[in-house]
Amino acid sequence: MHDEPRWSAGLDESQREAVEHDGGPLLIVAGAGTGKTRTLVARLARLISGGTAPERLLLVTFSRRAADEMIRRLAPLVGPEVARRVHAGTFHSVAHRLLRQHGEALGLGAGFSVMDQGDAADLMHLVRQEVGEGERRRFPRKDTLVAVYSRVVNAQEPLRPVLRRHFPWVQEHEAAIGQVFSLYTERKRAQGVLDFDDMLLYWRAAATDPQVGPVLAAAYDHILVDEYQDTNVLQADIVAALRAGARPLTAVGDDAQSIYAFRAATVRNMLDFPDRFPGATVVKLERNYRSTQPILDLANTVLAQATEGYAKHLWTERVGGLRPVLATCPDEASQADAVADVILEHHEAGVALRDQAVLFRTAHHSDLLEVELRRRNIPFVKYGGLRFLEAAHVRDLIAALRVLDNPRDELAWYRLLQLLDGVGPAGARRAMEAMGVGEGEGLGRFVDGAAGLVPARAANDAERLAAALRDCVTSALAAGAQVERLAAGLEPMIRRRYENADVRLRDLEALARVAGGFEDRSRMVAELTLDPPASTADLAGPPLLDDDYVILSTVHSAKGGEWRVVHLIHAADGMFPSDMSTGSREEIEEERRLFYVALTRACEHLHIYAPLRYHHGGPFGRGDAHSYGQRTRFLPPSVEDLLDHRAVRGRRDDVALPALSAALPSAVDDALRGLW
DNA sequence: CTATTAGATGTTTTT
DNA sequence: CATCTAATAG
């Protein structure tokens, strides 16, 4: 028999069609669990075996995790060395690489630093204070400002309609918000700082430039974009520009799984693909390799209620399988109880904890469950929600690193200086003025005379920090060692400022370990901000990875994942769909797709939990205030037959007591009588 | 001008 | 719960 190329082994008919397609633009509409990654990887392997140099392949994915996974799976097909040469990453990280490499040519100057969302919020906060005093009443908070800004940029839509449609509660401040945005962009420019959105803006500007654009486009022979349904107009523009000259283009996505509209992603990129790229071929993958048919039946039915999209019907050849279970729980506490019980049942039946995931709409939905899991010593790792790099002390250390890279970074100085005792906003400004931060003199002058810049009581700490910074500049320390050095320099300040300093200092040690994996410091800071560790496990390193633990994840962060057992909690209206997103039809449709994403993560067992009653006044409040939850609208009565129903009993049964014959207090009095 | 505290207040999802 | 404001003491 003739040798079949290694990449083609085990592909089904549609997958093969997608892998072998040649010529015009290709759109692969890949339903959940239909072997999208395998197809994309096989296509990469085929291109490489056909003679395309791996570094001339651009693979854009949604997250670093996804990129790593593809390269990992490509390795056995073409060899690890070759696989690693493929240009793979998120839009943001690829843009960053480009800007670092050609910063000078593109007019960015040598040392620019990258701001994450928290930094952007801080800068918004600063410039907000400089805008009209009269606007102070109920002015949007800094995070809202960042959200609005980001939406405006990524959707390329003017402020007014964005406010009207997505942020109506701050509409009245339109003029002032505009001013804040102008100041914000000015400041970034002056300080040599780029935010996330700038990565895309600069990349697009370069790619569409008549001189530079063609050179960039010529760098690649083939462009492949994953999760195309979650790209926005900026990203689509970049793709279009890069493929100038009808370079081959492959886009993969599932419109039914588009869940990032809040970030200005638009399914239109997918639906309009054939129009934008004439001659496009569309290949659909519908055969599912992940889930059992009963799970797919439910998912299909839920999706059938949606109003728009490529028609889709997932099917599998796998026979058998259990119906999804809908567990109705009296309240949240019994839900947590029930989840823990079922996790353990599966565990005893031989399913490892790491093959089970608990999914929910918003990060805090797992609060109560986390308490319960801890109580029962069930290990878990949480994805999504508050992340490591958002913790104040970690950001303090990052600020120190940023100052080294870009001494003009006012925001970082501002933060760093205020850690010193007796230095507040005004003192920090004064010191920065004296240091000549704006002129780029800040680092040198701080290192030379830190003590003179701050109040006497802070002199020691300032000198200590200055010494640490000096070490990082003058000696050729590795990135990890520099982090350690800076952590030591900051230690007294961290001890003074935060309650649980020991825990926080240990976090910084963890950061130093992560830093150890990088060769150069500026790269480390940028990569860490662009692609922060998504969970506590990502930081903990190998020792923890040997352990078995349950995954807790927001549905958004669970994208692309699959588990043998999935527990979907809080399937109640107001929670899922979130009551923040029930304002418009579009929002509800997005919530529906999100729900669909959650269902389709399950391979063998799907458990859905719906609490009937919600207590108010905090999860541990003792108040009796509660409200009744309605089962999520995404599971209407018409799906009844696709589910197994189960009623969970409350831990403390609410039994009705017969009225007491005598009043309780008198019985208590009797018991005490004569004791003193 | 900074530090600290008390009290009010507030849309979620992430590169 | 975290963040922001106002008020107050050092």
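Just so we're on the same page: letters track the sequence lines, and every chain starts at 1. Computed from a prediction, not measured in an experiment: that's the story for all the values here.
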Please give, in whole Å, the distance from C:dA2 P to A:Y498 OH?
14 Å

So, A:F262 and B:dT13: ring centres less than 5.5 Å apart, planes less than 30° off, yes or no?
yes

How many Å lie between CZ on A:R97 and P on B:dT15, as a whole number?
17 Å

Measure from CE on A:M124 to P on C:dT3 and round the result to the nearest Å.
17 Å

Measure from the side-chain heavy atoms of A:H556 and tell me the nearest of C:dC4, B:dT14, B:dT12.
B:dT14

Between C1' on C:dC4 and CD on A:Q129, what's the gap in Å once rounded to a whole number?
11 Å

Tell me, please, which residues at least two apart from A:Q257 pass side-chain contact (heavy atoms from CB on, under 4.5 Å).
A:A32, A:Q229, A:D254, A:Y596, A:V597, A:R601

A:H87 meets the ring-ring contact (aromatic ring centres under 6.0 Å, His included) criterion, sequence neighbours left out, with A:Y220

Answer with base, sugar-phosphate or nothing: what part of the nucleic acid does A:R64 contact at a heavy-atom distance below 4.0 Å?
nothing

Options B:dT15, B:dC1, B:dT14, nucleotide nearest the side-chain atoms of A:A426
B:dC1

note: A:H125, atom NE2; C:dT5, atom C1'; distance rounded to Å ~ 11 Å

Hey, does A:F167 reach any base, or is it just sugar-phosphate, or nothing, if we go heavy atoms under 4.0 Å?
nothing

Out of A:D226, A:T266, A:N269, which one pairs with A:T231 under the side-chain hydrogen bond (donor to acceptor under 3.5 Å, both in side chains) rule?
A:N269

Between A:R65 and A:E69, is there a side-chain N and carboxylate O pair less than 4.0 Å apart?
no

If the plane angle is over 60° it's perpendicular, under 30° parallel, otherwise tilted; pick one for A:H570 and A:H365.
tilted

Using 30° and 60° as the class limits, which term best fits the ring planes of A:Y260 and A:F62: parallel, tilted or perpendicular?
tilted

Where do N or O atoms of nucleotides 3-5 of chain B meet protein N or O atoms at under 3.5 Å, pair by pair?
residue, atom, partner, partner atom, Å
B:dA3, OP1, A:G422, N, 2.5

For the pair A:F273 and A:Y228, name the ring-plane relationship: parallel under 30°, tilted 30 to 60°, perpendicular over 60°.
perpendicular

Starting from C1' on C:dC4, measure out to CG on A:D143 and report it in whole angstrom.
11 Å

Would A:R497 and A:D396 pass as an ion pair if we require N to O under 4.0 Å?
no

Under 6.0 Å from the six-membered ring centre of A:Y184 and within 45° of its axis: does the NZ or CZ of A:R128 meet both?
no

Can you spot which of A:F167, A:F181, A:F139 makes a ring-ring contact (aromatic ring centres under 6.0 Å, His included) with A:H173?
A:F139

Check nucleotides 6-11 of chain B for protein N or O atoms closer than 3.5 Å to its own N or O atoms and list the pairs.
residue, atom, partner, partner atom, Å
B:dG10, OP1, A:R138, NH2, 2.3

Hey, can you pull the residues of residues 588-599 of chain A with a non-hydrogen atom under 4.0 angstrom from DNA chain B?
none

What is the separation between atom NE2 on A:H570 and atom C1' on B:dT12, rounded to the nearest whole Å?
14 Å

Determine the contact category for A:T90: base if any of its heavy atoms lies under 4.0 Å from a base atom, sugar-phosphate if only primed atoms, P, OP1 or OP2 are that close, otherwise nothing.
sugar-phosphate

Rounded to whole Å, the CG-P distance (A:L368 to C:dC1) equals 12 Å

Let me spell it out: for each of A:H92 and A:A428, pick the nucleotide of DNA chain B with the closest heavy atom. Which residue's pick is nearer the 5' end?
A:A428

Test salt bridge (charged side-chain N to carboxylate O under 4.0 Å, His left out) applied to A:E590 - qualifying residues, sequence neighbours left out:
A:R593

Let me see the working for A:E227 and A:K36 under salt bridge (charged side-chain N to carboxylate O under 4.0 Å, His left out), right down to the final yes or no.
CA-CA 10 Å; A:E227 306 280 12; A:K36 176 194 74 169; 3.2 Å; yes

Just call it for A:Y260: base, sugar-phosphate, or nothing, with non-hydrogen atoms closer than 4.0 Å on any strand.
sugar-phosphate

